[in-house]
2 protein chains.
Amino acid sequence: MRILIVEDEPTLARQLRQTLESAGYAVDSAHDGEEGQYLGETEAYDAVILDLGLPEVDGLTVLDRWRKAGHKMPVLVLTARDSWSDKVAGLDAGADDYLAKPFQSEELIARLRALIRRASGNASSELVAGGVRLDTRSGRVTLDGEPVKMTAQEYKLLSYLMHHKGKVVSRTELIEHIYDQDFDRDSNTIEVFITRIRKKLGADLITTIRGLGYSLQG
Amino acid sequence: MRILIVEDEPTLARQLRQTLESAGYAVDSAHDGEEGQYLGETEAYDAVILDLGLPEVDGLTVLDRWRKAGHKMPVLVLTARDSWSDKVAGLDAGADDYLAKPFQSEELIARLRALIRRASGNASSELVAGGVRLDTRSGRVTLDGEPVKMTAQEYKLLSYLMHHKGKVVSRTELIEHIYDQDFDRDSNTIEVFITRIRKKLGADLITTIRGLGYSLQG
DNA sequence: ATCCTCGACGATCAGAATCCGCATTCCATG
DNA sequence: CATGGAATGCGGATTCTGATCGTCGAGGAT
């Protein structure tokens with residue numbers, strides 16, 4: 001999953017990035033509203049963390065423009081503590097959740113997870129396909145009840161597929177959602193990791209649709 | 001389906017081509033207005049993506065000339081962000097849709113699909129003929145409810161026929177819309193694929209009109 | 001009018017060429 | 001040492017080509 005952070009304050013931005021990366025997300029960050037708006041329009045994110053107090057273009061404006069342009073990705077808004085009006089305005093402008101600063105990283109991660117889950121239309125934090133279960137809270141994967149050890153990258157790939165069960169996911173889409181901005185687009189890593197996942201979880205789990213991409217059975 | 005890209009900026013042009021090709025379109029590209037105009041007049045496209053800011057001949061001029069010459073293919077105009085006047089002028093000159101740069105590839109594909117669908121007079125993204133259903137979004141085909149596996153080329157051919165249900169489609173037309181510029185025009189591939197499609201979906205679906213081409217029942 | 005013949009066009013098949021995905025190995029990094 | 005990413009060769013699926021076969025229909029002969 002790939003996240004965009006729009007936050008001008010360098011310390012907080014760095015801290016956020018670290019938290020998210022160690023939770024297994026691919027992270028891009030923007031330091032002002034303009035850059036944030038641009039990235040949000042251009043790149044494919046599974047969620048955005050948006051600070052409302054920004055230089056150049058205000059956070060609310062950015063959010064509003066995204067929504068008007070038809071971008072539907074979940075947005076988690078960061079507000080100053082007890083800034084009730086900000087919160088209301090944010091929800092009005094189309095925020096999906098909000099969090100008052102300061103906050104604990106666990107809470108951020110939890111909310112983010114919930115956001116992404118809701119966006120993909122899943123009710124529980126446990127995703128199931130065939131004999132495979134993936135718990136997004138603990139990051140554990142089991143096959144027929146037996147725990148399976150996954151590496152970070154394998155997990156990300158599998159998780160994205162399971163979030164989009166039934167849909168045909170192109171290689172490009174996978175690359176866009178698993179890696180951040182600068183990544184060599186013609187490389188066969190995706191194939192390699194698909195192979196590795198199949199080796200661990202069985203060959204039937206992931207179906208290849210030749211020329212289009214991969215798909216997980218509903 | 002075959003698309004013409006008229007875009008002078010090499011990076012964007014390449015990126016567009018890649019996106020479209022991986023979505024299964026045949027792509028030609030022109031790097032300035034003159035070339036674009038020529039191709040648009042000469043070749044048969046199912047849609048055109050036209051950047052307004054072009055060297056040599058301006059995009060609007062090109063569009064205007066096409067329309068005056070009676071070319072009716074759907075045109076998706078790319079405008080600079082918030083360039084309201086461009087948008088208005090574009091729509092005046094006969095653009096069918098517009099998209100502000102920058103944009104996400106997914107959105108481009110979605111709009112293109114909508115454009116082509118509208119042009120062929122279909123309301124939904126699902127095309128039906130006899131017991132055969134084709135969903136242009138997911139790229140799946142079913143016969144009497146049963147999913148049928150189609151190869152990329154078979155799918156393209158079928159899709160074109162279904163978009164032009166009832167009309168008699170000549171072999172030349174099929175070649176022009178399924179392959180891009182450089183393709184050997186005297187080859188019997190079309191016949192081969194027609195045979196294969198009939199084998200998968202039943203012989204009655206596609207009628208041969210001797211000397212003219214093929215046709216799908218309304 | 002009916003039948004026959006011939007030519008043109010379309011259908012089908014088999015094999016060649018090509019493309020695409022897969023596995024494996026290797027190297028870099030931390 | 002474990003992991004992630006790059007390079008390579010293999011193998012099967014897909015596409016294309018060329019050859020052959022079948023069929024339709026025009027037009028002439030009866």
Side-chain angles (χ1 to χ4, degrees), chain A residues 2 18 21-22 24-27 139 141 148-161 168-216, chain B residues 18 21-24 26 139 141 148-161 168-175 178-180 182-215:
Chain A
R2 187 168 163 212
Q18 214 213 324
E21 280 182 347
S22 72
Y25 296 104
V27 178
V141 177
V148 181
K149 231 186 110 185
M150 296 262 131
T151 71
Q153 222 57 230
E154 287 164 8
Y155 178 83
K156 286 186 203 173
L157 187 36
L158 178 64
S159 149
Y160 189 84
L161 284 175
V168 178
V169 182
S170 74
R171 200 153 336 170
T172 317
E173 185 173 343
L174 281 171
I175 289 182
E176 279 177 353
H177 286 269
I178 287 170
Y179 296 94
D180 52 28
Q181 271 178 304
D182 14 57
F183 181 81
D184 177 21
R185 264 102 200 287
D186 9 316
S187 115
N188 66 346
T189 5
I190 298 296
E191 272 119 310
V192 172
F193 281 103
I194 292 280
T195 302
R196 289 180 183 161
I197 292 173
R198 291 216 254 241
K199 210 170 263 172
K200 289 187 179 177
L201 301 176
D204 316 340
L205 184 68
I206 301 167
T207 321
T208 305
I209 290 102
R210 197 158 223 269
L212 285 178
Y214 298 97
S215 170
L216 262 176
Chain B
Q18 211 211 329
E21 280 182 348
S22 79
V141 178
V148 181
K149 235 185 106 185
M150 294 264 134
T151 70
Q153 222 61 231
E154 287 165 10
Y155 177 83
K156 285 186 202 173
L157 185 35
L158 177 65
S159 149
Y160 189 84
L161 285 174
V168 179
V169 182
S170 74
R171 199 160 340 190
T172 318
E173 185 174 345
L174 281 171
I175 289 183
I178 287 169
Y179 297 93
D180 54 25
D182 16 57
F183 181 81
D184 179 21
R185 265 100 201 288
D186 18 315
S187 111
N188 67 344
T189 3
I190 298 296
E191 274 113 316
V192 173
F193 281 107
I194 292 281
T195 301
R196 294 230 281 256
I197 292 173
R198 281 179 175 153
K199 213 171 260 173
K200 288 188 180 178
L201 301 176
D204 316 340
L205 185 68
I206 302 168
T207 322
T208 306
I209 290 97
R210 195 154 233 272
L212 288 177
Y214 300 96
S215 169

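Any value given below was found using the heavy atoms of this structure, including those in side chains, with hydrogens, waters and symmetry copies removed. Residue numbering restarts at 1 for every chain, and letters A, B, ... go by the order of the sequence lines.
The CD1 atom of B/I194 sits 18 Å away from the P atom of C/dC9 (whole-angstrom rounding). Distance CG (A/D180) to P (D/dG4): 15 Å, rounded to an integer number of Å. Following rounding to the nearest Å, B/F193 (CZ) and D/dT15 (P) show an atom-to-atom distance of 5 Å. Rounded to a whole Å, the CG atom of B/L158 is 17 Å from the C1' atom of D/dT15. Taking atom CE of residue A/M150 and atom P of nucleotide D/dT3, one finds them 11 Å apart after rounding to whole Å. C/dG10 atom C1' lies 14 Å from atom CG of B/L174, rounded to whole Å. Rounded to whole angstrom, the span from the CD atom of B/Q153 across to the P atom of D/dT17 amounts to 11 Å. For the pair A/L157 CG and D/dG5 P, the computed distance is 11 Å after rounding to whole Å.
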All N/O pairs under 3.5 Å across the protein-nucleotides 15-20 of chain C interface:
residue : atom : partner : partner atom : Å
C/dC20  : O2   : A/R210  : NH2          : 3.2

Got a list of protein N/O to nucleotides 19-21 of chain D N/O distances below 3.5 Å?
residue : atom : partner : partner atom : Å
D/dA19  : N6   : B/N188  : ND2          : 3.2

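The closest side-chain heavy-atom distance from A/I178 to A/Q153 is below 4.5 Å. Contact of the A/L205 side chain with the A/L158 side chain is registered, since non-hydrogen atoms from C-beta on lie closer than 4.5 Å. The closest side-chain heavy-atom distance from B/L174 to B/F193 is not below 4.5 Å. Put simply, the side chain of A/I194 does not reach to within 4.5 Å of the side chain of A/T208, judged on heavy atoms.
Taking only side-chain nitrogens and oxygens, B/T195 comes nearer than 4.0 Å to OP1 or OP2 of C/dT12. The phosphate of D/dT15 has OP1 or OP2 within less than 4.0 Å of a side-chain N or O from B/T151. In this structure, A/K199 reaches the C/dT24 phosphate: one of its side-chain N or O atoms is under 4.0 Å from OP1 or OP2. In this model, the phosphate group of C/dA11 is approached by a side-chain N or O of B/T208 to a distance below 4.0 Å at OP1 or OP2. Contact between the side-chain N/O atoms of A/Y214 and the OP1/OP2 oxygens of C/dC22 is found at a separation under 4.0 Å. For D/dG5, the OP1/OP2 oxygens have a side-chain nitrogen or oxygen of A/Y179 closer than 4.0 Å. B/S187 has a side-chain polar atom (N or O) that falls below the 4.0 Å cut-off from OP1 or OP2 of D/dT17.
Evaluation of the salt bridge (charged side-chain N to carboxylate O under 4.0 Å, His left out) test over residues 194-206 of chain A, restricted to residues two or more places apart or in two chains, returns A/E154-A/K200.
Listed by chain and residue number, A/F183 satisfy the ring-ring contact (aromatic ring centres under 6.0 Å, His included) test with A/Y179 (two or more places apart in sequence, or in another chain). With sequence neighbours excluded, no residue forms a side-chain hydrogen bond (donor to acceptor under 3.5 Å, both in side chains) with A/R210. Under the ring-ring contact (aromatic ring centres under 6.0 Å, His included) criterion, A/Y160 pairs with A/H164, A/H177, not counting sequence neighbours.
Other residues, nucleotides and ligands contribute only 12 or fewer heavy atoms inside 6.0 Å of the CD atom of A/Q18.
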Passes side-chain contact (heavy atoms from CB on, under 4.5 Å), B/Y214 versus B/E173? Steps please.
CA-CA 10 Å; B/Y214 300 96; B/E173 185 174 345; over 6 Å; no
